[in-house]
Amino acid sequence: MPPSPASGGLLWGLVGVIAFSFSIPLTRVAVAGGGLPPLFVGAGRAVVAAALAGFALIITRQALPRGTQWIRVALVASGVVIGFPVLTSFALTSATASHGAVVIALLPVATAVVAVRRGGERPPLRFWLAAVAGALAAVAFAVIQGGGIGSLQLSDLLLFGAVVAAAVGYAEGGLLSRELGAWQTISWALIVAFPVMLVLTACSARGGLHSTANGWLAFVYLGVVSMYLGFFAWYRGLAIGPMTTVSQVQLAQPVFGIAWAALLLGEHIGWSTIIGGLAVIACAVLAVRTRTVRPTSARTRATRDG
């Protein structure tokens, strides 16, 4: 039996999640280990990605977005090009990479909520039960690792803000990818955000930039993969959809992220982290196995990448 479109969306989504799962620990490497200014890391990686995007759009002679598509591209840019990278960069100057990865586990349910509002998908009750259970497990993780509810810091607020920004950018980008194509959507979003990010990058670099080799390598990965190539797969997966289902693949991201934090940064992983990670993965499996009703008016051509 040939694979269903939904399974194709899940596979593409998983590829994107694996690419993104290095973002939190490598941001930590760049800003805490490498000493690069957080604003430079958050904005500069978008400048690197925008240069690649501009080159790709020019050599393939892509048509410009039309009418209200520009507004939607700007919304994607504000969420995933500006909001998420900048907020997480500042948060990870003090928060550990493993803690940041756990808070970001709220992103799947947040993306699902936005997808329902924007895309008209109708997930069943058991989907929401699994998604909310995963979100609660992530919140419990954040509280335990932070030492309790009373010890929540400014970094947590920045991470929660990053979750909201990314959820809006992911859902809108998934819808727009059905019209413009997956890589075209993130490319145009990067171009729209380029002037702002270039100014922020220049301002953050005025005092000079000094970093380790690992810090610069981490920055290159964030610009090339986390900010650009990873979205090729992620937006294609969301476009195939259903977005509410594919978004739950992100629940695996904190598990990957914590593993990379242990391998790359030597951060300790206790039994509570392992058990919690398995619980989050179980919730993700339950969520993606539910059947979501698609809106009858939605366009089904999901992967126009030519």
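Just so you know, residue 1 is the first one in the sequence shown, and it goes up from there. Side-chain atoms are counted along with the backbone in the values below, which use heavy atoms only and exclude waters and symmetry mates. Just so it is clear, the structure is predicted and the values come from calculations on it, not from any experiment.
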May I ask whether V15 and V224 are part of the same hydrophobic cluster, defined by side-chain heavy atoms of I, L, V, M, F, W, Y residues being less than 4.5 angstrom apart, directly or through others? no
Check against side chain to side chain contact (heavy atoms under 4.5 Å, CB included), W12 and V249: CA-CA 10 Å; W12 281 110; V249 178; over 6 Å; no
Is there a donor-acceptor pair closer than 3.5 Å between any side-chain N or O of Q62 and the backbone N or O of L57? no
Is any side-chain heavy atom of Y221 closer than 4.5 Å to one of L217? no
E172 side chain to G169 backbone, donor-acceptor under 3.5 Å: no
Out of the candidates T88, L87, I82, only one should pair with F84 under the side chain to side chain contact (heavy atoms under 4.5 Å, CB included) rule; please name it. T88
Any idea which heavy atoms bring A30 and V41 closest together, and the distance? CB-CG2, 4.0 Å
Transitive ILVMFWY side-chain link V109 to L129, under 4.5 Å: no
What are the two closest heavy atoms between A19 and G230, and how far apart are they? CB-CA, 4.0 Å
Do you know which two heavy atoms are closest between G42 and M197, and how far apart they sit? O-CE, 3.7 Å
Enter the distance from T201:OG1 to F194:CZ here, rounded to the nearest 0.5 Å. 8.5 Å
Nearest heavy-atom approach of R236 to A182 is N-CB, 3.5 Å
Yes or no on side chain to side chain contact (heavy atoms under 4.5 Å, CB included) for T60 and W183, after CA distance, side-chain angles and deciding distance? CA-CA 12 Å; T60 58; W183 74 265; 3.3 Å; yes
Is any side-chain heavy atom of R45 less than 4.5 Å from a side-chain heavy atom of V220? no
Group every Ile, Leu, Val, Met, Phe, Trp and Tyr by side-chain heavy-atom contacts under 4.5 Å, then state whether V168 and V86 land in the same group. no
Tell me if a side-chain donor or acceptor on T68 pairs with a main-chain N or O of I71 at a distance below 3.5 Å. no
Does E179 reach the side chain of R72, with side-chain heavy atoms less than 4.5 Å apart? yes
Residue pair V76, V81: steps toward the side chain to side chain contact (heavy atoms under 4.5 Å, CB included) verdict: CA-CA 7 Å; V76 173; V81 179; 5.7 Å; no
Kindly compute the distance separating CD (Q184) from CG (L176), expressed to the nearest 0.5 Å. 10.0 Å
Atom of L200, atom of L39 and distance for their closest heavy-atom approach: O-CD2, 3.9 Å
Side chains of V80 and I186, heavy atoms from C-beta outward: is any pair under 4.5 Å? yes
Between V73 and T185, is any pair of side-chain heavy atoms under 4.5 Å apart? no
Could you tell me whether F20 and F231 have their ring centroids closer than 6.0 angstrom? yes
Does the side chain of L238 reach to within under 4.5 Å of the side chain of Y235, using non-hydrogen atoms? yes
Is there a continuous path of hydrophobic side-chain contacts, each under 4.5 Å between heavy atoms, that joins L64 to V192? yes
From CG (L107) to OH (Y170), nearest 0.5 Å: 5.5 Å
With a 4.5 Å limit on heavy-atom distance, are the side chains of V246 and W234 in contact? yes
Indicate yes or no for a side-chain donor-acceptor contact from S211 to the backbone of G34 under 3.5 Å, with no hydrogens or angles considered. yes
Do M227 and P85 come close enough that some side-chain heavy atom pair is under 4.5 Å? yes
Side chain to side chain donor-acceptor pair (under 3.5 Å) between S23 and S226, worked out: CA-CA 6 Å; S23 298; S226 296; 2.7 Å; yes
How long is the span from the OG atom in S89 to the CG atom in L222, to the nearest 0.5 Å? 7.5 Å
Determine whether W128 and V113 satisfy the following criterion, side chain to side chain contact (heavy atoms under 4.5 Å, CB included), listing intermediate values before the conclusion. CA-CA 10 Å; W128 291 114; V113 170; 4.0 Å; yes
Shared ILVMFWY cluster between I59 and L52, side chains joined below 4.5 angstrom? no
For A233 and G16, the nearest pair of non-hydrogen atoms, with its separation, is CB-N, 3.8 Å
Roughly how far, to the nearest 0.5 Å, is CZ of R118 from OG1 of T111? 14.0 Å
State the OG1-CG distance between T27 and L36, to the nearest 0.5 angstrom. 11.0 Å
